[in-house]
Novice: 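Once you've had a glance at the structure underneath, I'll fire off some questions.
Reminder, nothing fancy here: chain letters follow the sequence lines and each chain counts from 1.
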Amino acid sequence: MGKLGTTFTRIEENMPELPEVQTVINNLTPLITGRTVKEIDLLYPKMIQNDLVEFNQKIIGRKFIGIRRRGKYLLFDLSDGQTLISHLRMEGKYSVLKDPEELPKHSHVVFWLDNGEKLVYHDTRKFGRMHLVSTNEVDQTKEIKKLGLEPFSSEFTPEALFAMLQKKKGKIKVVLLSQEVVVGLGNIYVDEVLYAAKIHPASISANLTLNDAKEIWQATKEILKKAIKYGGTTIFSFKNANGDIGHFQDYLKVHSQEGATCKRDGHLVEKIKLDGRSTYFCPQCQILK
DNA sequence: AGCAGGACCCGAACGC
DNA sequence: TGCGTTCGGGTCCTGC
């Protein structure tokens with residue numbers, strides 16, 4: 001590995017983190033709101049968490065009435081009180097296509113609409129999942145009910161974060177990745193947040209101070225905001241689907257920067273495994289607590 | 001409750 | 001050059 005910013009050897013596709021999920025909502029809403037689903041093609045049935053017959057019966061003939069988000073989960077509200085919970089995981093994408101013949105690679109679910117267009121879910125890794133539930137039961141589903149605070153909500157404050165961190169005995173990185181305290185941080189952003197906060201990723205959550213919580217609170221908001229500004233993550237990509245080069249890698253301080261020098265103190269950035277995840281940090285300025 | 005480990009997937013990177 | 005192996009991302013699940 002070379003110095004920071006000189007070589008980046010691998011790239012990832014746009015990884016749907018919280019900001020990207022919001023972008024999907026903004027793009028899809030005008031295209032599908034008010035549209036009725038005429039038919040569904042389930043090309044990869046395993047990603048549907050419901051009984052397949054029930055899934056079809058409850059969606060066909062219903063209308064998309066709006067799209068919401070909770071954490072990284074998309075919530076498609078349909079008429080007759082149904083909501084489709086959809087998680088993009090690593091590489092899931094939605095497209096609305098006019099050409100009836102066109103089908104992107106790795107298409108897994110097709111919703112045919114009443115205007116002749118279709119809403120297509122495609123996902124190279126097949127990691128995404130869909131779960132149809134009653135709208136009034138969304139908050140009680142196992143995937144939604146465990147979720148913590150929205151990072152841009154008024155409830156997300158240093159004090160609230162501190163109170164929650166005090167109750168956790170696990171390592172801070174694991175706690176932040178769990179989505180149970182604050183939603184939206186993935187493996188890359190977590191490393192950046194903890195670097196900004198000068199906290200060692202293996203620190204025990206309950207050992208952190210109010211000031212630590214304040215640093216994490218601020219870094220979380222700033223880094224997620226920055227991700228929006230630079231058009232999403234595109235952490236390692238040489239190019240994205242449009243052929244554009246991603247820019248966020250220019251701003252990574254530690255993640256994927258093993259062997260680079262810390263800009264604060266010149267120490268070498270280290271890579272370890274934590275909770276089975278690649279973890280990058282500066283062992284000098286990120287304090288273990 | 002925490003935590004390790006495996007499962008799910010595929011393409012890119014890597015090793016030979 | 002070609003081919004087999006390794007890796008990693010978010011989340012769930014099992015078992016200790």
Side-chain angles (χ1 to χ4, degrees), chain A residues 1-2 7-21 24 43-50 69-75 85-93 104-109 121-131 133 141-148 151 164-193 201-208 224 227 232-241 245-246 248-249 252 254-259 271-280:
Chain A
M1 280 288 199
T7 52
F8 50 103
T9 52
R10 61 177 287 273
I11 296 229
E12 299 165 355
E13 286 296 299
N14 246 10
M15 229 186 342
E17 307 238 15
L18 186 145
E20 288 81 355
V21 177
V24 172
L43 307 174
Y44 182 67
K46 276 186 71 176
M47 63 172 304
I48 308 299
Q49 293 177 273
N50 303 75
R69 173 187 73 68
R70 180 72 176 95
K72 304 178 194 173
Y73 291 86
L74 286 162
L75 306 174
I85 303 175
S86 170
H87 198 297
L88 305 173
R89 295 290 182 93
M90 316 299 302
E91 299 180 20
K93 293 175 184 68
K105 275 191 177 177
H106 310 293
S107 292
H108 305 313
V109 182
Y121 178 77
H122 42 120
D123 180 353
T124 309
R125 290 284 189 278
K126 295 181 176 172
F127 259 26
R129 292 292 179 266
M130 292 184 193
H131 186 196
V133 302
T141 60
K142 63 176 179 349
E143 62 263 49
I144 301 296
K145 74 176 179 191
K146 58 164 279 197
L147 296 178
M164 288 188 285
L165 293 182
Q166 279 201 302
K167 292 177 189 157
K168 302 283 186 181
K169 290 169 184 166
K171 299 180 178 71
I172 184 60
K173 171 161 177 175
V174 179
V175 169
L176 293 175
L177 275 180
S178 76
Q179 311 296 306
E180 293 174 18
V181 170
V182 57
V183 298
L185 294 174
N187 196 40
I188 294 151
Y189 292 161
V190 170
D191 282 358
E192 297 299 308
V193 164
S203 296
I204 300 304
S205 177
N207 290 348
L208 299 185
L224 289 177
T233 312
T234 317
I235 300 300
F236 300 103
S237 272
F238 295 114
K239 58 184 182 179
N240 62 23
I245 293 175
F248 201 88
Q249 71 270 14
L252 290 179
V254 285
H255 194 91
S256 80
Q257 304 296 331
E258 183 185 17
K271 177 184 181 182
I272 58 172
K273 284 279 181 185
L274 206 155
D275 194 36
R277 326 300 294 179
S278 297
T279 298
Y280 300 85

Novice: Taking the minimum atom-to-atom distance to the side chain of Lys273(A), which one of dC12(C), dG8(C), dG9(C) wins?
Specialist: dG8(C)
Novice: Please report the distance, rounded to the nearest Å, between CZ in Phe127(A) and C1' in dA7(B).
Specialist: 8 Å
Novice: Could you tell me how far apart Arg129(A) (CZ) and dG9(C) (C1') are, to the nearest whole angstrom?
Specialist: 14 Å
Novice: In a check of side-chain contact (heavy atoms from CB on, under 4.5 Å) between Lys168(A) and each of Leu176(A), Leu208(A), Ile204(A), Val175(A), which one passes?
Specialist: Val175(A)
Novice: Looking at Lys167(A), does any N or O in its side chain come under 4.0 Å of the phosphate oxygens OP1/OP2 on dA1(B)?
Specialist: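 Result: no.
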Novice: Mind checking whether His108(A) and Tyr44(A) have parallel, tilted or perpendicular rings, split at 30° and 60°?
Specialist: tilted
Novice: Quick one: bend of the helix from dG2(B)-dC16(C) to dC16(B)-dG2(C) from 5 pairs per end, to 10°?
Specialist: 50°
Novice: Give a yes/no on whether any side-chain N or O of Lys46(A) is located under 4.0 angstrom from OP1 or OP2 of dC9(B).
Specialist: yes
Novice: For the side chain of Tyr73(A), counting heavy atoms from C-beta on, which of dG9(C), dT11(C), dC9(B) is nearest?
Specialist: dT11(C)
Novice: Using only modelled atom types and a 3.5 angstrom limit, is any donor from either the side chain of Arg89(A) or the base of dG9(C) paired with an acceptor on the other?
Specialist: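 No pair found.
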Novice: Should we say atom NZ of Lys146(A) is surrounded by more than 12 heavy atoms from elsewhere, each under 6.0 Å from it?
Specialist: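 Yes, because the 6.0 Å sphere around NZ of Lys146(A) holds more than 12 heavy atoms from other groups.
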Novice: Can you tell me how far P of dC8(B) sits from CD1 of Ile48(A), to the nearest Å?
Specialist: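 So the two atoms are 18 Å apart, to the nearest Å.
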Novice: Flag the pair Ile48(A) / Val109(A) as yes when at least one side-chain heavy-atom distance between them is below 4.5 Å, and no otherwise.
Specialist: yes
Novice: At 4.0 Å (heavy atoms only), tell me whether Lys271(A) reaches a base, stays on the sugar-phosphate, or touches nothing.
Specialist: sugar-phosphate
Novice: Output yes when at least one side-chain N/O atom of His87(A) is less than 4.0 Å from OP1 or OP2 of dT11(C), else no.
Specialist: yes
Novice: Would you say Tyr189(A) and Asp191(A) are linked by a side-chain donor-acceptor pair, where the criterion is simply a distance under 3.5 Å?
Specialist: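 Not at all, the side chains of Asp191(A) and Tyr189(A) share no donor-acceptor pair under 3.5 Å.
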Novice: Atom CD of Glu143(A) to atom C1' of dT11(C): distance rounded to whole Å?
Specialist: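 That distance rounds to 10 Å.
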Novice: With side chains defined as the heavy atoms from C-beta onward, is the minimum distance between Lys72(A) and Arg89(A) less than 4.5 Å?
Specialist: no
Novice: Quick one about Glu143(A) and His131(A) (side-chain donor to acceptor, distance below 3.5 Å, no hydrogens or angles considered), yes or no?
Specialist: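 Indeed, the side chains of His131(A) and Glu143(A) share at least one donor-acceptor pair under 3.5 Å.
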Novice: Without decimals, in angstroms, what is the distance between Lys93(A) NZ and dC10(B) P?
Specialist: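 Whole-Å distance recorded here is 15 Å.
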Novice: Rounded to whole Å, how long is the line connecting atom CD1 of Ile144(A) with atom P of dT11(C)?
Specialist: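 That distance rounds to 10 Å.
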Novice: Please determine if a side-chain N or O atom of Thr124(A) lies less than 4.0 Å away from the OP1 or OP2 oxygen of dG11(B).
Specialist: no
Novice: Is His106(A) close enough to dG11(B) that one of its side-chain N or O atoms is under 4.0 Å from OP1 or OP2 there?
Specialist: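 For His106(A), the contact criterion (side-chain N or O under 4.0 Å from OP1 or OP2 of dG11(B)) is met.
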Novice: State whether Gln179(A) places a side-chain N or O below 4.0 Å from either non-bridging phosphate oxygen (OP1 or OP2) of dT11(C).
Specialist: yes
Novice: To the nearest Å, how far apart are Glu180(A) CD and dA1(B) C1'?
Specialist: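 Checked: the CD to C1' distance equals 11 Å.
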Novice: Please work out if Lys105(A) contacts a base, only the sugar-phosphate, or nothing of the nucleic acid, heavy-atom cut-off 4.0 Å.
Specialist: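 It contacts nothing in the nucleic acid.
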Novice: Can you see if the side chain of Lys126(A) gets near the phosphate of dC10(B) - specifically, an N or O under 4.0 Å from OP1 or OP2?
Specialist: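 Affirmative; the distance criterion is met.
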Novice: Would you find a donor on one side and an acceptor on the other, under 3.5 Å apart, between the side chain of Ser203(A) and the backbone of Pro201(A)?
Specialist: no
Novice: At less than 4.0 Å, is any side-chain N or O atom of Lys142(A) found next to OP1 or OP2 of dT11(C)? Yes or no.
Specialist: no
Novice: So, is Lys171(A) close to the dG2(B) phosphate, meaning a side-chain N or O under 4.0 Å from OP1 or OP2?
Specialist: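 False: Lys171(A) side-chain N/O out of range (4.0 Å or more) of dG2(B) OP1/OP2.
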Novice: Using whole Å, what does the distance between atom C1' of nucleotide dC10(B) and atom CG of Asp123(A) come to?
Specialist: 10 Å
